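Values in this document were obtained by computation on a predicted structure and should not be read as measured data.
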Amino acid sequence: MSALPGRPEIVPPPVELDRFDTVFLGYPNWWGTLPMAVVTFLESQAFAGRTVIPFCTHLGSRLGRSVEDLQILCAGTTLLGGLDVHGTRVYEAQETVAAWVAGLGLVD
């Protein structure tokens, strides 16, 4: 796959995303938003009609403007509330993540 100027080349995902109605999208928050590799990935996929659930790690900027950027990049999707985990607390975030996922109401 040829990358746009200034964009990293990416490898296609190992599974076809068309099989899924709900996609959890994890990324590190870089400079207040999504890394360019994630932007390139999002632009290469068709997310319309799906539910996208963002989560990220950060070192102080939380979700930053990534949710606003996702609204543009994933137009036509249902974007659920995201989770941010401070990078220094990743290894102790299991309960936080479990409570967040349970609160999304995806499983009966």
Side-chain angles (χ1 to χ4, degrees):
M1 171 181 287
S2 175
L4 297 171
R7 295 288 188 85
E9 290 190 33
I10 61 170
V11 176
V15 297
E16 292 185 29
L17 294 178
D18 295 347
R19 298 181 4 199
F20 303 99
D21 294 328
T22 302
V23 177
F24 282 81
L25 180 68
Y27 52 92
N29 184 331
W30 288 357
W31 294 96
T33 193
L34 309 156
M36 292 312 292
V38 175
V39 171
T40 300
F41 166 73
L42 293 171
E43 290 174 339
S44 73
Q45 302 295 314
F47 283 96
R50 300 186 197 320
T51 298
V52 175
I53 307 168
F55 63 97
C56 75
T57 58
H58 66 91
L59 289 177
S61 55
R62 304 184 62 101
L63 286 164
R65 68 175 187 280
S66 65
V67 173
E68 291 85 356
D69 292 340
L70 285 170
Q71 289 170 334
I72 295 166
L73 291 163
C74 298
T77 67
T78 299
L79 192 60
L80 295 187
L83 173 70
D84 62 88
V85 176
H86 197 280
T88 62
R89 296 190 179 104
V90 167
Y91 294 109
E92 56 195 52
Q94 185 171 351
E95 289 180 21
T96 301
V97 172
W100 171 67
V101 171
L104 293 171
L106 298 174
V107 180
D108 294 334

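Considering CG of Leu70 and CG of Leu34, their distance stands at 4.5 Å, rounded to 0.5 Å. With rounding to the nearest 0.5 angstrom, the OH atom of Tyr27 is 10.5 Å from the NE2 atom of His58. Here the CZ-CG distance, from Phe47 to Leu25, works out to 6.5 Å after rounding to the nearest 0.5 Å. How far CZ of Arg19 is from CD of Glu16: 7.5 Å, rounded to the nearest 0.5 Å. In this structure, the separation between OG1 on Thr51 and CG on Leu106 is 8.0 Å, given to the nearest 0.5 Å. Rounding to the nearest 0.5 angstrom, the gap separating the CD atom in Glu92 from the NE2 atom in His86 is 11.0 Å.
Heavy-atom contacts from other residues, nucleotides or ligands closer than 6.0 Å to CZ of Arg62 number 12 or fewer. The neighbour count for Trp100 CH2, taken as heavy atoms of other residues, nucleotides or ligands under 6.0 Å away, is above 12.
In terms of heavy atoms, Ser44 sits closest to Ile10 at OG-CD1, 4.1 Å. Minimum interatomic distance between Ala93 and Val85 (heavy atoms only, all atoms of both residues): CB-CG1, 3.8 Å.
Applying the side-chain hydrogen bond (donor to acceptor under 3.5 Å, both in side chains) criterion to Thr33, with sequence neighbours excluded, gives Asp69.
With contacts defined as side-chain heavy-atom distances shorter than 4.5 Å, the pair Phe55/Val97 does not qualify. Counting heavy atoms from C-beta outward, Asp84 and Asn29 have side chains that stay 4.5 Å or more apart.
None of Asp21, Thr22, Asp18 except one satisfies the side-chain hydrogen bond (donor to acceptor under 3.5 Å, both in side chains) rule with Arg50; the exception is Asp18.
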